[in-house]
Structures are given as C-alpha cells and as structure tokens.
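Data block below; observations after.
Because the structure is a prediction, the values reported are computed rather than measured.
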Amino acid sequence: MAFLDIRLKKVNKIYHEGDVLAGLVVVQSKSDVQHQGITLVVDGSVNLQLSSKNVGLFEAFYNSIKPIQLLNYVVNVAKPGKIPAGKTEIPFELPLKPKANKNLYETYHGVFVNIQYTIKGEMKRPLLAKDLTKSIEFIVEYKDQKEKAQPKPVSFAITPESLQNIKDKGGLPRFSIKGKLDSAICCIKNPLTGTVVIEYCDAPIKSVEIQLVRVETCGCAEGYARDATEIQNIQIGEGDVCRGITIPMYMVFPRLFTCPTLATSNFKVEFEINLVVVLQDDHLITENFPVKLTRF
C-alpha cells in the first residue's frame, strides 16, 4: 500500500502574491511503486452561489454562475518510472502568480462567496492500480503596505426616537444607550474595540451582545443577490446590567471567516457590527454599524 502526501515548508501555510510555494511531495510504500508520472495542480478560485430564496428570482443568473479562476497550472514533478520502497521526498518550488488580468484575493470561507487556494498532488498508476491523490489548502494574504488605515471613530446614541422599522413607538420602554466604536475602519489583525453605556432603561435587560455580520453580494447582468449572515456573537453584558457603567467592546476577527472588505464587478464581501440589547421579554434593541476591514 502506497501513500502520497504534500508538505509545505511554511508551517502556517500563509503566502503572498509573488511568493514561491516550496515543499515536498512525499511517497511512502513498503514495496517498489510503478507509476506513470506525478503532477501537482495549483488552483485558486472564487466560488459563488445563491441562497435558495434568490434562485427563483435569478434563474438565468443561477445557471450562469461559474467559479472565477484566479490561478491554475499543472507541473510535472516526476516522469513515469518506479519509486523504491520506503520514503521518497521530491522537492518542488512553484511561483504564486495569478492568471492574466486577475488578482489574488485573500483566502475567505463564506456562505455564498468562497475564495480558496489548493495544491493537489496526483500519482498516475498503471491499469488496475488506484491513482494516489492528496489535496491541501494554503492561505493567501495581502502583502503589508506602508500606508495604514486611519482610524474613524463612531459615536452613537440610541433612544426610542432614533429606532427605525418600528410602527408603534408608544409601546416601547424609555431607554438611552450611548457609546462609541473606536474605529469603523478596522485592521483585521487587531480586535474591534469600543464602549457602550446603558444610561437608563425602564425595562429589565437580559443580555448585551455584539454581532459580526458578513454581507455577501453575488451578481451579474441579470441582477444582484445580497445576503447577510452572522459570523459570531459575543456577549459583553449578562443580565440586567448596571446603568451608567461603561461596558468595553472587544471582538477578535476570526481567521478565514473574515477578509479585507472586497468589491469586484461580480461579487462583494462586506462586514457590519450589530450592537444588540436583549430585553427580558426577548424584544431586541439593535444598532447597525457598517465597518471596513483592511489588512494594515
């Protein structure tokens, strides 16, 4: 029985456009292995899909939605022949360059937008023997730039009068919630920070939470489908929190499930923060803040 593996030199598997993917193709077997060549396929693509609620609206779009290939090439690392018993390591070096007129976007695992980079190794075997394959994912990030994003503080005040999408404001309890986000432009490597103060609220409070939401837009000539989904929810206050006390906000952006804010002609990946105050009767007081994520 033979095994095929791919090992990258970089343990964290993080690369930038223009880097060299260096590593080893490892073949292990208890006996000699006859083969018809070993190849590596390097692939990077954006996969788009529609949520079920939009399928009927964009039937033509749904049929024409194809992966966007950012890079794809095949490299032969071993000619047909025989590999001896034991462990054989075949080194490789592959340039990380996009296809013509394409850019390498950051790795991102979303719901309706997925940006992924893989190396697949394949050893072709003679008739009746099963081909050996192994696929691994590597991570692409943007290179550091000298220019850093300037902070953009956002102050907020939430009262019954400031709420939208409510028909009967007369039935609402009296409340005043104030605070600030330290910046609506966030470096993805640093946490989102800010403060919130419940100045007063007539109704008892159950929980104070911050949600991170991704807003994914897929589109073409037929139309655009925009879907917002929650990535994570962090409780920053439990129970009927004390009035007038400053509650800190602190949220780390999860790796792979977030990426720098991205807008192209076919798709967009954007992010929002929701501040949610859950009342005892499960009514919600919510304020939404669009945020821009950068790598620097």
Side-chain angles (χ1 to χ4, degrees), residues 12 14-17 103-111 113 115 139-159 161-164 175-199 201 207-217 226-238 241-264 267-278 284-296:
N12 64 7
I14 295 173
Y15 294 87
H16 309 96
E17 187 173 326
N103 296 310
L104 296 187
Y105 305 123
E106 284 214 6
T107 297
Y108 167 70
H109 293 186
V111 179
V113 177
I115 305 170
I139 313 300
V140 169
E141 288 183 358
Y142 296 143
K143 286 181 181 174
D144 281 355
Q145 289 178 334
K146 288 175 185 171
E147 257 186 71
K148 298 203 170 171
Q150 294 301 311
K152 185 184 169 188
V154 177
S155 297
F156 60 86
I158 314 167
T159 61
E161 293 71 39
S162 72
L163 293 182
Q164 298 173 339
F175 60 83
S176 174
I177 302 164
K178 288 187 177 174
K180 72 163 190 172
L181 288 182
D182 290 335
S183 180
I185 299 174
C186 308
C187 173
I188 205 166
K189 297 182 277 190
N190 302 329
L192 171 109
T193 55
T195 56
V196 59
V197 178
I198 313 288
E199 292 195 315
C201 182
S207 179
V208 182
E209 299 161 7
I210 44 174
Q211 291 175 344
L212 177 61
V213 173
R214 67 195 138 209
V215 183
E216 296 167 322
T217 307
R226 189 174 184 272
D227 292 281
T229 48
E230 184 184 305
I231 300 173
Q232 65 182 9
N233 186 315
I234 293 175
Q235 186 181 47
I236 58 172
E238 183 181 10
V241 296
C242 295
R243 311 309 192 246
I245 284 186
T246 301
I247 303 169
M249 293 186 198
Y250 189 95
M251 178 184 275
V252 173
F253 294 105
R255 191 172 176 230
L256 305 183
F257 297 108
T258 52
C259 67
T261 300
L262 183 57
T264 76
F267 67 95
K268 285 198 272 188
V269 181
E270 298 163 301
F271 298 92
E272 296 175 350
I273 298 292
N274 287 331
L275 171 66
V276 183
V277 178
V278 186
L284 306 179
I285 301 167
T286 306
E287 188 77 0
N288 176 271
F289 307 95
V291 292
K292 182 181 179 183
L293 300 191
T294 68
R295 172 58 59 191
F296 323 106

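Closest approach of Ser183 to Leu192, counting heavy atoms only: O-CD1, 4.4 Å. Across all non-hydrogen atoms, the minimal contact from Asn288 to Glu272 is ND2-OE1, 2.9 Å. In terms of heavy-atom proximity, Arg295 sits nearest to Lys189 at O-CE, 3.0 Å. Pairing each heavy atom of Lys178 with each of Ala157, the nearest pair is CG-CB, 4.0 Å. Of all heavy-atom pairs between Glu216 and Thr229, the closest is OE1-OG1, 4.4 Å. The two residues Ala228 and Val213 have their closest heavy-atom pair at CB-CG1, 3.9 Å.
Side-chain contact check for Ile139 versus Asn12: every heavy-atom pair is 4.5 Å or farther apart. Annotation: side chain of Leu212 is in contact with side chain of Ile273 (closest heavy-atom distance under 4.5 Å). Two residues are said to be in side-chain contact when any heavy atoms from C-beta on lie closer than 4.5 Å; Ile115 and Thr107 fail this criterion. A 4.5 Å side-chain heavy-atom check between Thr195 and Lys180 finds at least one atom pair inside the cut-off. Inter-residue side-chain proximity for Phe257 and Gln232 is flagged as unmet; no heavy-atom pair is nearer than 4.5 Å. Taking the side chain as every heavy atom from C-beta outward, Phe175 and Leu163 approach each other to under 4.5 Å.
Paired with Leu293 under the rule side chain to side chain contact (heavy atoms under 4.5 Å, CB included), one option of Leu262, Ile185, Ile188 passes, and it is Ile188.
From Glu270, atom CD reaches atom SG of Cys259 across 10.5 Å, with rounding to the nearest 0.5 Å. Distance CD1/Ile236 to CE/Met251: 9.0 Å, rounded to 0.5 Å. Between the CE atom of Met249 and the CD1 atom of Ile210 there is a distance of 6.0 Å, given to the nearest 0.5 Å. The distance from atom CD1 of Ile177 to atom CD of Glu287, rounded to the nearest 0.5 Å, is 9.0 Å. Distance check: Asn190 CG to Thr294 OG1 gives 8.5 Å after rounding to the nearest 0.5 Å. Interatomic distance, CD1 of Ile247 versus CD1 of Ile198, reported as 5.5 Å (0.5 Å rounding).
Surrounding NZ of Lys152 are at most 12 heavy atoms belonging to other residues, nucleotides or ligands under 6.0 Å away. Residue Glu230 qualifies as enclosed at atom CD: its count of foreign heavy atoms under 6.0 Å is above 12.
A distance-only check finds no donor-acceptor pair linking the side chain of Glu17 to the backbone of Asn103 [under 3.5 Å]. The backbone N or O of Cys201 sits less than 3.5 Å from a side-chain atom of Arg243, completing a donor-acceptor pair. One N or O on the side chain of Glu106 and one on the backbone of Tyr142 form a donor-acceptor pair closer than 3.5 Å.
There is a side-chain donor-acceptor pair under 3.5 Å between Asp182 and Thr193.
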Carefully, step by step, assess Ile158 and Val277 under the rule side chain to side chain contact (heavy atoms under 4.5 Å, CB included). CA-CA 11 Å; Ile158 314 167; Val277 178; over 6 Å; no

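Taking the ring centroids of Phe267 and Tyr105, they lie under the 6.0 Å cut-off.
Between Phe156 and Phe289, the ring planes lie tilted relative to each other; the angle falls in the 30° to 60° range.
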